Amino acid sequence: MRYLYWTLRYLPDAVRGEFVNIGVIVGRDGQDWAIRTIENFERASRIGGDLSVARRWAHSLRQDIEANSHRAHLAYTGEDFAATEGWLDRMREFHNNSIQVSEAMPVVAQTANEGADLLYARLVVDPARAVRSTSHTRAVARLTEAYSDISDEYNVLKRVKVNSGRQSMDFDFALTNRRIEHLSRVWSFDVKDPSTQVEKVQAWGFRIEQLRESGGELTAANEKTIHVDQDVPVRILYVPPNNAAGLESLDIARDAWKRIEARAFPIEHARRLVAA
């Protein structure tokens with residue numbers, strides 16, 4: 001299917017002309033729309049200017065397109081409309097200083113989301129996305145859904161931190177009853193550079209070894225601390241890679257998980273992880 005796409009740019013100094021792509025929009029009148037924007041503005045900060053405006057604009061624009069409606073502070077007085085090609089044309093005229101929208105260009109994709117993923121990978125440099133990819137987000141959502149089916153006698157804590165001695169480690173979920181039943185974390189190897197994931201897995205595993213030796217404490221969102229046994233079950237949900245180099249990285253990661261006695265499950269077995 002033929003779509004149109006627009007590149008979102010941050011250009012703090014029009015005279016110098018240096019800019020950084022901070023996102024892409026893909027859509028077509030009468031069809032679906034999608035947007036991808038950067039999570040890490042570190043690269044954009046290197047060319048100066050006031051990034052706060054770009055951050056707010058990118059965040060609001062993403063929310064508006066995902067909801068397929070545009071709030072008044074980004075639209076035009078008295079207008080109430082969904083995302084359209086005409087709306088993007090008006091955005092191009094309205095935002096022509098430090099924040100700019102490029103001319104529309106064609107792209108062929110099955111869906112707007114597919115086109116946005118393809119173009120984002122090619123046109124935008126985002127250090128955060130190299131690790132926190134869309135596949136990671138999808139896996140966390142899959143695991144969240146799996147935990148929602150669990151018995152009411154259990155409590156599911158999200159985004160928790162466990163401290164053991166001087167080591168601190170992050171987990172996406174903790175399943176609790178009267179104690180910590182298990183801890184789980186998502187790792188995605190469907191990324192541009194899987195080797196960076198291996199380094200992070202190994203560093204994380206080193207910290208888990210401290211937990212295995214002396215136990216630790218979990219800090220929940222309400223600042224309550226819960227004791228964590230040194231033999232607490234650790235579960236991994238992983239997104240497999242899509243190339244040979246990624247498979248090698250995943251094998252190395254599996255070795256690291258075995259050393260800390262963590263059980264690993266592919267993304268399609270999220271419910272099995274929760275029930276294990």
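All figures in this text were calculated on a predicted structure; none of them were measured in a lab.
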Indicate yes or no: at least one non-hydrogen side-chain atom of [X] is less than 4.5 angstrom from one of [Y].
X    : Y    : result
R254 : V201 : no
E217 : V162 : no
V186 : L143 : yes
I22  : W57  : yes
Y3   : P106 : no
V107 : L119 : yes
S164 : S214 : yes
R185 : D170 : yes

Query raised in the report: Would E213 and Q230 satisfy side-chain contact (heavy atoms from CB on, under 4.5 Å), going step by step from the backbone distance to the final call?
Result: CA-CA 6 Å; E213 290 180 4; Q230 64 189 75; over 6 Å; no

Quick one: does any side-chain atom of [X] pair with a main-chain N or O of [Y] as donor and acceptor, under 3.5 Å?
X    : Y    : value
D172 : S184 : no
E145 : A141 : no
R207 : S168 : yes
T7   : S102 : no
N243 : G246 : yes
R235 : L183 : no

Of all the heavy-atom pairs spanning [X] and [Y], show the shortest one and how long it is.
X    : Y    : answer
P240 : I267 : CD-CG2, 4.4 Å
A116 : A34  : CB-CB, 4.0 Å
V239 : A139 : CG2-CB, 3.6 Å
E261 : R212 : O-NH2, 3.4 Å

Query raised in the report: Should D117 and R36 be marked as a salt bridge (Lys or Arg N to Asp or Glu O under 4.0 Å) after you check the CA-CA gap, both sets of side-chain angles, and the distance that decides it?
Result: CA-CA 7 Å; D117 285 340; R36 300 290 184 270; 2.8 Å; yes

Report task. Run the ring-centre check on F173 versus Y147 and record whether the distance is less than 6.0 Å. Result ->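 Under 6.0 Å, so yes.
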
Requested in this report: Please find out if less than 6.0 Å separates the ring center of W6 from that of W33.
Outcome: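 Yes.
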
Any luck finding a side-chain donor-acceptor pair between [X] and [Y] under 3.5 Å?
X    : Y    : value
E199 : S195 : no
N21  : Y10  : no
S135 : S188 : yes
T84  : D29  : no

**Report entry** Residues V228, L211; criterion side-chain contact (heavy atoms from CB on, under 4.5 Å); working and verdict
**Finding:** CA-CA 8 Å; V228 181; L211 177 66; 4.0 Å; yes

Query raised in the report: Got a sec: does the CD of E248 have more than 12 other heavy atoms crowding it under 6.0 Å?
Result: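 At most 12 heavy atoms, drawn from other residues, nucleotides or ligands, come within 6.0 Å of this atom.
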
Query raised in the report: Any chance CD of E103 has more than 12 other-residue heavy atoms, nucleotides or ligands included, within less than 6.0 Å?
Result: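 Open: at most 12 neighbouring heavy atoms sit under 6.0 Å from CD of E103.
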
Nearest 0.5 Å, what's the [atom1]-[atom2] distance between [X] and [Y]?
X    : Y    : atom1 : atom2 : value
L237 : H136 : CG    : NE2   : 9.5 Å
Q167 : E209 : CD    : CD    : 10.0 Å
F19  : Q100 : CZ    : CD    : 8.5 Å
Y238 : L250 : OH    : CG    : 5.5 Å
I226 : R178 : CD1   : CZ    : 14.0 Å
N163 : T225 : CG    : OG1   : 10.0 Å

Query raised in the report: Which of these, L123, I25, V24, sits in a side chain to side chain contact (heavy atoms under 4.5 Å, CB included) with L8?
Result: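 The residue from L123, I25, V24 that satisfies side chain to side chain contact (heavy atoms under 4.5 Å, CB included) with L8 turns out to be I25.
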
If two hydrophobic side chains count as joined below 4.5 Å and joins carry through other members, does [X] share a cluster with [Y]?
X    : Y    : result
F206 : W257 : no
L247 : F189 : no
I38  : L118 : no

Query raised in the report: In terms of side-chain geometry, is the basic nitrogen of D149 or R271 positioned less than 4.0 Å from the acidic oxygen of its partner?
Result: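 Judged by the 4.0 Å cut-off on N to carboxylate O distance, D149 and R271 do form a salt bridge.
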
Report task. Apply side-chain contact (heavy atoms from CB on, under 4.5 Å) to R263 and I236, showing your working. Result -> CA-CA 6 Å; R263 291 184 61 185; I236 305 294; over 6 Å; no

Query raised in the report: Going through the checks in order, is the salt bridge (Lys or Arg N to Asp or Glu O under 4.0 Å) test met by E181 and R179?
Result: CA-CA 6 Å; E181 298 292 333; R179 59 172 188 163; 3.7 Å; yes

Requested in this report: Kindly determine whether I208 and R259 satisfy side-chain contact (heavy atoms from CB on, under 4.5 Å), including the steps that lead there.
Outcome: CA-CA 10 Å; I208 299 294; R259 285 196 295 273; over 6 Å; no

Requested in this report: List for me each residue that meets side-chain hydrogen bond (donor to acceptor under 3.5 Å, both in side chains) alongside S148, sequence neighbours excluded, and say none if there are none.
Outcome: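 Expected list: none.
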
Requested in this report: Please work out whether the ring planes of W204 and F171 are parallel, tilted or perpendicular, with thresholds of 30° and 60°.
Outcome: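 Taking F171 first and then W204, their aromatic rings stand perpendicular (interplane angle over 60°).
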
